[in-house]
Every structure is written in C-alpha cells, then in structure tokens.
Amino acid sequence: MNVGIKGFGAYVPERVVDNSYFEAYLDTSDEWISQMTGIKERRWADKNQDTSHLAYEASVRAIEDAGIKPEDVDMVIVATSTGDHRFPTVANMLQERLGLTKVASMDQLAACTGFMYGIVTARAFILSGDYKNILVVGADKLSKITDLNDRGTAILFGDGAGAAIIGEVSGNRGILSYEVGSDGIGGKYLYQEQETDLIRMNGREVFKFAVRVMGDSSTRVVEKAGLTPDDVDMFIPHQANIRIMESARQRLGLPKEKMSVSVDKYGNTSAASIPLSIGQELENGRIKDDDILVLVGFGGGLTWGSVVIRWGK
Ligand SMILES: CC(C)(COP(=O)(O)OP(=O)(O)OC[C@H]1O[C@@H](n2cnc3c(N)ncnc32)[C@H](O)[C@@H]1OP(=O)(O)O)[C@@H](O)C(=O)NCCC(=O)NCCS
C-alpha cells in the first residue's frame with residue numbers, strides 16, 4: 001500500500017507583525033533580523049485565537065481538499081508544543097469541533113519536528129490496515145510562550161497551522177522514505193522554562209546542530225528512497241533561519257529555485273512551518289502531482305525528521 005497526503009490545508013492568523021515592531025522597543029534592527037534570519041514579518045494570533053482555532057481552520061481545508069466527509073476521519077494527531085491546555089488536547093478539541101465520529105485523538109510533541117513525527121506515526125497506523133484517513137495537524141501559537149524582551153528569541157517566532165489527511169494514495173505516489181531521530185543531550189539548548197513557561201534558547205548551539213542534522217538527514221532520506229538530489233523537485237526545510245536552510249540546500253547541491261522559502265513571511269512557526277511552506281508552494285503552483293518533495297525538520301528535544309514524498313493523491 002502507498003501511503004501519502006490525500007488532502008491538504010494551511011492557515012495563518014491575520015495580524016502581520018513586521019520587524020519594525022521590535023525596533024520600537026528592543027536593541028535590534030530590521031537589517032540585523034533580515035540578514036541573520038531571513039525573517040521580514042510573522043503572523044501573531046489574537047488573544048482569543050488559540051492553537052486549536054488555528055488547527056481547526058487548517059483541518060477544515062484539508063478535509064475538503066481530500067474530498068472526504070468529517071465522519072470519514074478515523075484518527076486525529078496534532079503536533080504542537082502550545083496546546084490550549086495540557087488536556088484536553090488540541091486533538092480532542094478538534095474531534096468535537098470538526099464534528100468527527102468519536103475517534104482516537106491525541107497530541108504529539110516533538111517541538112518544531114512535530115509535523116514530521118505526525119506524518120510518520122500516521123503512516124504506520126495506515127499501513128496497519130486499521131485506519132484509512134488520519135488527520136495530521138501541525139499547529140503552534142508560539143507568540144504565547146515567547147519572551148518579547150529577549151532579543152535573541154522574540155524576533156524569531158510566529159503562529160500558524162497546516163493539516164494533511166494521510167491515507168492510501170494511487171500509483172507510485174506517497175511517502176518513499178523517512179527518518180526520525182532525537183538526541184536528548186541537546187535538550188538544554190532549546191526548552192520551555194518551567195518557572196516562566198517561556199522559550200529559552202542557546203541560538204549558536206541550535207544553529208550548529210541544525211546545520212549538521214538538516215544536511216545529514218535530508219541526504220540520507222534521498223538515498224534511502226533510491227533517488228539522487230537531481231530527482232528532487234522541491235526541498236522544504238523547517239523555516240527557522242534562512243542561513244540554516246541555505247546550508248542544507250547547498251549540501252544537497254540543489255539550485256535556489258528548488259527550495260521553498262516562507263520564513264520571510266511567517267518566521268519560525270514550529271510544527272506549522274513545513275506545512276505552511278507546502279501551502280505556499282501549492283498556492284503558487286510550484287508543486288505538481290508526481291513531484292518529489294524532501295521535507296526536513298529539526299527542533300527542541302533536540303529532534304529531527306525527514307520525509308521524501310511523491311506528491312499527489
Ligand atoms: C538566533 C540567531 C539568529 C542569532 O545569531 P548568532 O550569530 O548565533 O548570534 P549570537 O547569539 O551569537 O549573537 C551575536 C551577537 O548578536 C547580538 N544579537 C542577538 N540577537 C540580536 C537581535 N535581535 N538584534 C541585534 N543583535 C542581536 C547578540 O547579543 C550578540 O552580540 P555580541 O556579539 O555583542 O554579544 C541564530 O543563533 C539562530 O538562528 N540560531 C538558531 C535558532 C533556531 O533555529 N531556533 C529554532 C529551532 S526550531
């Protein structure tokens with residue numbers, strides 16, 4: 001059975017926060033932020049719009065795109081680090097709000113790698129033969145756990161959501177290879193502080209880890225799929241920092257136009273970042289059926305995950 005993405009949807013909140021917002025009260029500049037990260041602006045959700053609301057909007061679009069009914073969804077997995085509550089989970093809330101049958105629903109936490117973990121988990125359930133349409137959502141409202149007075153992190157994060165229906169796809173489409181991994185020794189470099197609930201980060205250490213793991217992991221999954229970089233149509237890395245993304249692209253030897261860049265518009269949206277980039281490329285007509293996509297994420301944990309997929313239902 002070939003397992004892939006049968007339907008897709010993405011959503012960002014309306015409020016645009018550009019770099020001048022930070023210039024107004026922090027010792028920083030649009031020039032520094034743009035050059036060091038590639039970020040020009042990000043979206044922040046309103047106070048009354050929590051992670052479940054973002055996830056809901058993306059999920060409605062994914063279910064519609066898959067051409068299925070809510071009652072056809074037989075499991076919900078939400079990758080998030082910023083659920084509305086610890087429990088009920090965002091997945092529990094979606095089950096009710098989307099009017100799904102009383103199916104299994106759970107949140108899964110692998111920080112910014114969450115969407116990769118979600119896809120890989122769903123694939124295994126589909127291959128078991130027990131499930132047919134699993135809704136996988138990557139949704140985060142990082143603005144609610146960002147320390148706005150820390151110039152090293154305040155400028156980086158945004159809010160958003162992306163959703164996919166994972167199930168059987170036709171022909172030779174679908175997931176061709178994957179890899180997920182973690183190294184807890186790096187947990188101290190990126191974490192949510194217990195006392196404040198805010199993100200703390202050693203940017204330089206995370207940067208070094210990310211450059212290494214993005215290049216290594218994406219190279220391995222391309223090989224594992226029996227492909228070469230020449231076969232890759234679109235490289236969609238976690239949108240954390242343009243310099244990290246560029247180094248992974250160069251490691252694969254891909255031309256600039258084959259890498260998806262949405263970090264300029266959305267910043268780092270954690271579990272939503274890869275799906276938001278997929279959404280952007282679909283909207284721009286830059287992903288076609290049967291294209292080979294390489295998705296690669298990294299994040300707190302430290303964690304990483306990569307998927308090679310031949311696009312299409
Ligand atoms: C955050 C990041 C852009 C900072 O870049 P860097 O080159 O590592 O910068 P450093 O933290 O070493 O700081 C370099 C200088 O810039 C300064 N600086 C940090 N943030 C700044 C800002 N927003 N504006 C201006 N200067 C800033 C530092 O204070 C430091 O100044 P100093 O040399 O006078 O001490 C970079 O580390 C990064 O992107 N890391 C990865 C983060 C990431 O991807 N996190 C998410 C993982 S999912």
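A quick note: this is a predicted structure, and the numbers were derived from the prediction, not measured. Each ligand, and each atom within it, is numbered from 1 in the order the structure gives.
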Worksheet item: Partners of Arg97 by side chain to side chain donor-acceptor pair (under 3.5 Å), sequence neighbours excluded?
Response: Ser52
Fill in: Under 4.0 Å from ligand 1 - residues by heavy atom, chain and number
Asp27, Thr28, Trp32, Met36, Thr37, Cys112, Arg151, Gly152, Ile155, Leu190, Met201, Gly203, Arg204, Val206, Phe207, His238, Ala240, Asn241, Arg243, Ile244, Asn268, Phe298, Gly299
Practice prompt. Would you tell me whether Thr121 and Gln108 have side-chain atoms, one donor and one acceptor, within less than 3.5 Å of each other?
Written response: yes
Worksheet item: Does anything in residues 286-308 pair up under salt bridge (charged side-chain N to carboxylate O under 4.0 Å, His left out), and if so which pairs, sequence neighbours excluded?
Response: Arg173-Asp289, Arg173-Asp290, Glu281-Arg286, Lys288-Asp291
Worksheet item: Under 6.0 Å between the ring centres of Phe22 and Trp32?
Response: no
Discussion item. My understanding is that only residues two or more places apart in sequence, or in another chain, count here; which of them pass side chain to side chain donor-acceptor pair (under 3.5 Å) with Ser217?
Written reply: Glu179, Ser306
Practice prompt. Compare all side-chain heavy atoms of Asn241 with those of Val263 and state whether any distance is below 4.5 angstrom.
Written response: no
